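First comes the structure, then the notes that go with it.
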Amino acid sequence: MDHLSIHDPPPHPGGPHPGGAMNAHGPPPPPQAQQLPPQMFTTAAQLLDLTDKKLLLVLRDGRKLIGILRSWDQFANLVLQSTVERVFATISDPKDPHPRGVYADKPHGIFLVRGENVLLLGEIDLDKDDDPPVGYEKAEYAFVEKLANEQKAAEKAKETRRIKRLATLGFEGENLGEILL
C-alpha cells in the first residue's frame with residue numbers, strides 16, 4: 001500500500017499500477033484552463049462601462065453620430081440622448097496628405113440605433129470635445145450637406161464608370177450577377 005500525502009499529485013489513469021515504479025520526473029501537472037483577457041469579449045455587456053458616457057458612432061451607411069449612451073439591450077441596440085449627426089466634406093484635393101474641410105452638426109435629440117448597424121463606436125475625450133477635428137472648420141449645415149452630397153454623387157458616378165469598364169473586360173460588379181428564374 002502506498003503512503004500518499006495530501007501534497008502528492010492525483011493518480012493518472014493508465015499510470016503506474018500499485019507496486020510499479022514511479023516516473024523519475026513525476027506525472028506532468030494537469031493542464032490549466034486558459035483565461036481570456038477582458039478585451040476579448042465582444043458582447044453587449046461591454047456597453048455597461050460606456051453607459052452615461054459621450055460616444056461617437058459610425059454607422060454602416062457612413063453616418064457619424066455623437067451622443068450620450070443612455071440604454072442598450074442584448075442585441076446592442078443603443079439609445080442615445082442629445083444626439084447630433086456630424087457631416088464632413090473635404091474642400092482640398094483628395095490626394096492631399098493633410099485634408100482640409102468643413103463639418104456641421106445636425107441635432108437629433110433622442111436616437112435609437114439598431115445594433116447591427118453600428119460599425120464602430122468609441123468614447124469621446126471630454127477634454128478635446130470642443131476642439132474641431134484637425135484640418136476641419138465648422139460651417140453651416142446646409143452648405144456642408146450640399147458639398148457632401150455632391151462628393152457622394154461624384155464618387156457613385158466614378159464607381160459606376162469603373163463597373164462598366166470592368167464589365168467590358170468580362171468582370172461582374174458586386175450584386176450584378178444574372179438572376180436565374
Side-chain angles (χ1 to χ4, degrees), residues 33-164 166 172-177 179:
Q34 292 290 326
Q35 291 282 335
L36 293 174
Q39 62 267 27
M40 291 297 293
F41 294 103
T42 58
T43 63
Q46 282 186 311
L47 296 171
L48 185 60
D49 294 337
L50 297 174
T51 304
D52 297 328
K53 295 194 176 157
K54 195 167 191 178
L55 304 180
L56 167 69
L57 273 70
V58 178
L59 304 182
R60 287 190 329 180
D61 64 1
R63 288 185 291 170
K64 293 150 189 77
L65 301 175
I66 297 173
I68 300 167
L69 179 64
R70 290 300 182 198
S71 184
W72 48 272
D73 65 9
Q74 72 271 23
F75 304 109
N77 296 321
L78 309 174
V79 176
L80 299 174
Q81 181 183 17
S82 305
T83 307
V84 294
E85 179 181 353
R86 185 160 285 177
V87 179
F88 292 91
T90 56
I91 55 176
S92 63
D93 184 14
K95 296 177 184 172
D96 187 5
H98 303 289
R100 293 181 308 116
V102 291
Y103 76 96
D105 293 337
K106 179 180 181 181
H108 286 292
I110 300 287
F111 209 89
L112 174 64
V113 180
R114 188 176 171 108
E116 67 180 16
N117 291 324
V118 176
L119 184 65
L120 176 136
L121 77 102
E123 185 178 355
I124 292 180
D125 185 356
L126 295 177
D127 294 334
K128 298 179 181 179
D129 184 32
D130 294 331
D131 299 339
V134 177
Y136 286 83
E137 299 174 10
K138 193 165 179 96
E140 290 294 319
Y141 182 79
F143 173 69
V144 176
E145 184 181 39
K146 180 182 173 201
L147 273 177
N149 288 339
E150 288 172 358
Q151 290 171 356
K152 284 180 190 174
E155 188 65 33
K156 188 174 181 179
K158 181 179 175 184
E159 180 68 13
T160 302
R161 287 191 307 272
R162 186 181 76 82
I163 289 173
K164 286 181 181 178
L166 287 172
E172 290 184 2
E174 189 174 324
N175 301 321
L176 296 177
I179 299 174

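All values below come from the heavy atoms of this structure, side chains included, with hydrogens, waters and symmetry mates left out. Nothing fancy with the numbering, it's 1 onward along the sequence. Please read all numbers here as calculations on a predicted model, not as lab measurements.
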Could you tabulate the donor-acceptor pairs under 3.5 Å formed by side-chain atoms of residues 118-146, not counting sequence neighbours?
unit_1: Asp125; atom_1: OD1; unit_2: Asp127; atom_2: N; d: 3.1
unit_1: Asp129; atom_1: OD2; unit_2: Lys54; atom_2: NZ; d: 2.8
unit_1: Lys138; atom_1: NZ; unit_2: Asp105; atom_2: OD2; d: 3.4

Could you give the distance from OG (Ser71) to CG (Leu78), rounded to the nearest 0.5 Å?
9.0 Å

State, to 0.1 Å, how close Val87 and Ala148 come at their nearest heavy-atom pair, and which atoms those are.
CG1-CB, 3.8 Å

Side chains of Leu56 and Leu65: does their closest heavy-atom pair fall under 4.5 Å?
no

In short, Pro107 meets Val84 closest at the heavy-atom pair CA-CG1, 3.9 Å

Closest approach of Leu69 to Leu47 (non-hydrogen atoms, all atoms of both residues)
CD2-O, 4.0 Å

Closest non-hydrogen atom pair, Trp72 against Thr51:
NE1-OG1, 2.9 Å

Residues which pass side-chain contact (heavy atoms from CB on, under 4.5 Å) with Arg114, listed by chain and number, not counting sequence neighbours
Asn77, Glu116, Asn117

Just do the side-chain contact (heavy atoms from CB on, under 4.5 Å) check on Arg70 and Ile68 with the steps written out, would you?
CA-CA 6 Å; Arg70 290 300 182 198; Ile68 300 167; 3.6 Å; yes

Just how far is it from atom CD of Glu85 to atom CZ of Arg63, taken to the nearest 0.5 Å?
5.5 Å

Can you list everything that forms a side-chain hydrogen bond (donor to acceptor under 3.5 Å, both in side chains) with Glu159? Sequence neighbours excluded, please.
Arg162

Do any N or O atoms from the side chain of Thr83 and from the backbone of Gly109 form a donor-acceptor pair under 3.5 angstrom?
yes

